[in-house]
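All values derive from a computational prediction rather than experimental measurement. Every chain is numbered from 1 and lettered A, B, ... according to where its sequence line falls, protein lines coming before strand lines. The figures that follow rest on heavy atoms only: side chains count, while hydrogens, waters and symmetry mates do not.
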Amino acid sequence: MTITDEELAEQRAGLDAVRVPSRLRVVAGRFFASSQGRAGFALLALMFLLAFAGPCLGRWSYTDKDFTAFLRAPSAEHWWGTLQTGADVYAVTLRGMRRSLVVGLLAAVVGTALAAVVGAFAGYFLGWTDRALTWVTDLLLVLPAFLVLAIMSPLFAGGQWPLFVLVLALFLWMVTSKIVRSMTVSLKEREFIQAARFMGVPPVKIIFRHVIPNMSSLLVVDATLNVSAAILTETSLSYFGFGIQPPDVSLGSLIADGAKTAVYAPWTFWFCAGLLIVTVLAVNLVGDSLRDAFDPTARKGRQ
Amino acid sequence: MSERGECPAGAPSRDGHVLRPEPPERAGGARGPRASERAERERRPGRPGAAVRAEPVLRVSDLDVTFGSGTGAVRAVRGVSYEVRPGEVLGIVGESGSGKSVTSLAVMGLLPPHARVTGSVRLTGHEILGAPEKTLAAFRGKTISMVFQDPLSALTPVYRVGDQIAEAVRIHRRVSGEQAARRAVDLLDLVGIPDPARRARAFPHEFSGGMRQRVMIAMAIANDPDVIICDEPTTALDVTIQAQVLEVLKRARRETGAAIVMITHDLGVVAGIADRVLVMYAGRAVEVGPVDEVYYRSRMPYTLGLLGSIPRLDVGGRRPLVPIGGNPPSPAALPPGCPFEPRCPMAVPRCAEAEPPLEEVDAPGHLAACVRAGEIEAGGSPPARVQRAETGGRTAGPAAAPERPARPARDGREVVLAVKDLVKHHPLMKGTLFRRRVGTVRAVDGVSFDVREGETLGLVGESGCGKTTALMEILELARPQGGTITVLGRDTSALGARERMAVRRDMQVVFQDPLASLDPRMTVYDILAEPLRTHGTGDPGPRIRDLLRLVGLDPGHAARYPQDFSGGQRQRVGIARALALEPRLVVLDEPVSALDVSIQAGVINLLEGLKSRLGLSYLFVAHDLAVVRHIADRVAVMYLGRIAETGPVDRVYDSPAHPYTRALLSAIPLPDPERERARRRVLLEGDLPSPADPPSGCRFRTRCPLFKTLDESGRRRCADEEPQVRPFGEDHGVSCHFAERLNVV
Ligand code: SF4
Ligand code: SF4
């Protein structure tokens with residue numbers, strides 16, 4: 001409940017002009033005010049930069065094969081060494097990361113958004129909406145996700161990765177959506193939702209303005225976990241030869257391959273594994289700070 | 001007083017041998033009471049005279065409680081001392097955060113280990129502060145026992161009530177299980193539980209709140225303790241049940257001769273039961289003394305302020321309340337001098353220098369911690385006057401409500417809300433796997449009232465009377481199950497989407513709990529902008545600034561979140577939001593009951609001021625009849641889904657005609673010890689019947705004191721024929737076949 005001096009000064013300055021930053025600005029401001037948030041964001045930005053701009057620096061492209069160097073250790077020629085096929089580890093790892101970053105982040109965000117919307121609608125409207133949505137949720141829960149993905153894998157070949165992202169997201173949201181639904185049911189009874197209702201705010205607006213923001217902590221944590229889950233699912237799918245199809249690569253397929261040679265050619269494994277770890281760490285940092293940034297009551301926790 | 005009042009429910013037969021009937025032997029200790037105390041005692045019959053001369057059974061001195069350490073240390077209690085003698089009732093009053101509950105927990109040794117407690121607590125001569133847990137356990141329940149606010153959490157849900165009491169008996173006594181069980185039944189009988197032998201086999205959840213509190217009292221007196229500490233024992237209860245429980249407490253004191261420490265925020269409860277009062281503020285005792293001294297000759301501006309800020313049930317006319325400005329200090333950041341200094345209307349520079357000690361003022365035993373205590377005129381000056389004369393423009397918020405302007409007669413004004421024969425029944429479901437309907441909860445069953453332009457209708461009743469259900473039905477603006485609701489001339493059953501929106505704009509609501517009714521994720525700006533944006537009115541900025549000013553908040557605070565504000569300020573935000581669209585009707589659902597008294601007064605004044613300035617009409621739903629008397633023009637009393645009585649406030653309060661209204665009014669404690677002593681209580685028996693199965697005929701029949709005095713034919717009429725609201729003089733309606741006028745307050 002205490003207000004920092006800085007804020008007080010700010011308020012005194014603008015005593016008369018009621019000038020209030022939008023919710024987005026507030027959240028962004030609070031996010032970047034925490035060192036953890038800044039570090040996470042910088043790390044994630046670095047990963048993206050590496051994934052998208054990095055390949056331009058290298059001499060090799062991910063499709064190239066150097067037939068003079070199979071499974072070579074890092075050198076001036078091949079910065080991170082080469083694979084058994086003669087492919088440049090630097091080039092393929094960055095290419096793989098590009099896929100994994102995009103697939104992981106997108107699938108996580110889409111999955112969580114789906115969970116939030118479906119759960120909130122089901123919980124808010126109850127009745128038929130709820131029954132229909134719950135039925136769909138339960139159906140997807142009992143479908144063996146891995147099998148469906150495996151069956152659909154031929155569709156993902158030939159650059160159809162956005163479809164892959166969608167299908168991946170489709171199997172990520174059900175449990176969260178059930179949690180969101182039950183939270184919405186109790187949130188709906190809260191007086192501020194009632195107040196909005198009696199003010200004449202339309203239900204859909206209430207859901208997006210009051211219900212979902214009040215679950216932001218849960219959703220951010222869920223999205224963070226989903227990023228890892230999506231990357232790992234993709235990895236395991238790729239391991240079995242589904243998912244991202246060659247010649248495209250992902251961190252998953254690289255790790256799967258690299259694991260076989262990791263013992264005597266560590267460079268084939270550790271670079272992609274390390275990048276995966278750093279990425280997940282960055283996402284977690286961002287997620288944590290984002291959760292605090294969304295929650296105005298978390299202010300006291302970080303100084 | 002208790003001795004003269006009627007007994008509550010199922011007046012149990014008293015077996016003298018069950019509990020020691022005679023005053024405790026140790027009462028014959030030291031002699032020589034102070035003259036004034038003896039005089040005081042003699043005016044009050046029925047008091048065990050020996051008690052006064054006794055040694056204190058509980059003596060607390062210089063009690064200090066600190067949570068945390070270093071810069072974050074919070075000194076919750078600072079040097080509190082008090083003592084109680086056998087048979088004496090000490091009332092500890094204070095607002096939330098004043099440290100009153102922490103004090104008692106410290107005495108019981110129930111604070112968490114990270115609390116640092118210093119000072120001394122002597123119980124019947126033994127030091128118990130810092131005593132090993134084993135020693136404490138031997139004292140707890142036997143010599144000192146406690147009654148909590150929430151009896152449900154203090155009772156174990158899976159054990160039968162009788163067994164729990166028997167267990168309490170057996171911890172401290174070697175008796176057979178059978179004897180203990182018998183004693184448990186006797187104790188339940190003593191605290192007025194009807195059919196105690198059968199009820200002893202029930203589980204806690206089968207009891208109502210009032211009955212559970214009786215069980216707690218039974219457990220507390222199971223071993224004839226010397227001291228009973230009651231921490232807000234009646235706060236969660238309805239007034240008629242509160243009156244019963246207070247009566248039981250008085251009886252418990254009589255039977256056991258124990259001293260009672262009564263902790264409460266309700267000055268009325270203290271006035272009725274306490275012999276001496278200790279007022280706490282910011283962790284310190286700021287005034288101590290015999291109850292009459294403290295109430296009639298307060299020497300501390302805070303006590304004066306408290307007394308001046310409570311709405312009075314027994315005062316008609318519109319005496320504006322005198323709020324105490326500001327907010328209580330945070331215990332982590334106390335001002336260096338008198339802790340009340342920032343809010344004190346009489347503060348002088350001297351006050352900020354050092355904390356004034358608690359010193360005796362003229363009457364013996366009357367202590368106050370104020371440098372100007374001597375200047376405060378002894379007696380004769382009503383608190384409000386002192387406070388205002390000295391204020392010098394330091395009161396916060398808008399000035400007290402102005403006199404109401406002359407208005408056209410009630411009949412000439414437009415009806416803004418008309419409710420006719422409103423019915424709302426919920427299905428009562430049972431079973432988890434196969435849910436089936438086992439009955440109907442008749443929450444609202446044929447209720448009619450109307451609100452005219454510019455007036456305030458108070459809808460009052462105890463919990464479960466259906467007032468909130470009625471309110472929600474009105475706010476839904478849907479077709480009711482039965483009857484009609486007409487808001488601003490539009491029948492809700494025939495509203496189109498656009499018309500409904502228009503009505504929503506003109507009818508706004510303020511909820512009870514300001515923290516729950518404001519979205520914690522939104523800034524105050526966004527909260528206030530929401531209604532404006534929803535109803536599409538240009539840039540909300542300037543309007544928000546005006547609104548914040550209107551309710552006495554600083555517009556510069558718009559960027560803050562609700563949780564950055566204090567309770568009273570939050571409720572002001574809630575009010576500002578309701579006023580954003582310039583409504584004509586505002587529905588207020590218990591808007592001040594979550595606030596401390598000193599804060600409450602400011603919000604009530606604000607509501608009154610806004611009403612006359614903006615020409616609003618209020619539907620004010622509340623359980624606090626004193627607040628309603630203060631703010632409402634007309635009142636409708638509900639009982640079990642029906643209107644019992646309706647009419648102009650002064651008329652209903654001064655000469656209530658329905659037996660329920662009478663009982664309700666007489667159950668409310670007045671913050672006035674003399675009147676409280678002189679009053680005759682109409683105690684109601686038992687609990688509210690279940691709305692799923694209301695009694696036939698008159699719903700109040702099972703508890704009606706008048707019904708008992710009727711002859712056979714009269715009783716039959718009450719049981720067979722449901723009374724309708726019939727006119728009882730001008731604009732006054734009563735639903736009782738045998739209503740008559742009577743003064744109670
Ligand atoms: S000491 Fe001063 S500030 Fe404190 S209550 Fe007395 S007059 Fe007010
Ligand atoms: S109608 Fe009969 S039972 Fe009902 S309130 Fe009147 S006297 Fe009592």
Side-chain angles (χ1 to χ4, degrees), chain A residues 1-4 6-27 29-30 186-187 189-206 208-217 219-220 291 293-300 303, chain B residues 330 332-333 472 474-477 500-505 507-531 533-535 540-546 548 554-566 574 577-578 580-581 587 589:
Chain A
M1 314 262 145
T2 46
I3 319 273
T4 62
E6 185 187 299
E7 274 168 312
L8 267 179
E10 198 181 286
Q11 276 154 10
R12 260 190 223 109
L15 203 61
D16 236 51
V18 183
R19 183 187 43 80
V20 173
S22 71
R23 198 189 272 200
L24 199 72
R25 289 261 303 280
V26 173
V27 170
R30 291 166 55 96
S186 63
L187 212 56
E189 299 303 314
R190 293 276 295 276
E191 283 177 348
F192 64 87
I193 306 257
Q194 302 265 3
R197 224 154 56 77
F198 294 145
M199 218 179 277
V201 183
V204 175
K205 266 201 185 147
I206 293 185
F208 284 105
R209 195 184 289 161
H210 297 288
V211 176
I212 293 181
N214 270 287
M215 292 185 294
S216 55
S217 307
L219 295 177
V220 169
R291 188 197 55 207
F294 270 118
D295 186 358
T297 52
R299 184 181 309 213
K300 269 175 288 169
Q303 296 280 325
Chain B
S330 145
M472 285 299 159
I474 295 168
L475 287 170
E476 288 288 349
L477 290 182
R500 181 164 294 129
M501 222 29 200
V503 174
R504 291 235 181 274
R505 189 182 175 133
M507 178 176 77
Q508 295 289 326
V509 56
V510 176
F511 286 101
Q512 170 176 15
D513 180 355
L515 190 55
S517 65
L518 305 174
D519 189 334
R521 298 284 162 113
M522 281 187 166
T523 57
V524 166
Y525 183 91
D526 283 334
I527 287 169
L528 295 182
E530 182 164 31
R533 289 187 184 131
T534 304
H535 291 268
R543 177 81 185 130
I544 289 171
R545 189 181 54 224
D546 295 346
L548 285 171
D554 182 351
H557 293 173
R560 293 193 191 177
Y561 289 90
Q563 48 276 34
D564 299 333
F565 291 91
S566 69
R577 175 174 64 182
L581 293 165
V587 176
D589 184 12

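The CZ atom of B/Arg533 lies 12.0 Å from the CE atom of A/Met199; values are rounded to the nearest 0.5 Å. Rounded to the nearest 0.5 angstrom, A/Arg190 CZ and B/Leu515 CG are separated by 7.5 Å.
When atom types are taken as modelled, the side chain of B/His535 and the backbone of A/Gly200 share no donor-acceptor pair closer than 3.5 angstrom.
B/Glu530 meets the side chain to side chain donor-acceptor pair (under 3.5 Å) test with A/Arg209, A/His210; sequence neighbours excluded. Partners of B/Thr534 according to the side chain to side chain donor-acceptor pair (under 3.5 Å) rule, which considers only residues two or more places apart in sequence or in another chain, do not exist here.
Contact between A/Ala195 and B/Ser517 at its shortest, heavy atoms only, is CB-O, 4.3 Å. Taking both residues in full, the closest heavy atoms of B/Pro520 and A/Phe192 are given as CD-CE2, 3.8 Å, listed atom of the first, atom of the second, then distance.
Proximity of A/Phe198 to B/Glu476: side-chain heavy atoms (C-beta onward) are separated by under 4.5 Å at one or more points.
Residue B/Arg577 touches chain A through its side chain alone, counting heavy-atom pairs closer than 4.5 Å. With a 4.5 Å cut-off on non-hydrogen atoms, B/Leu518 touches chain A through its backbone but not through its side chain.
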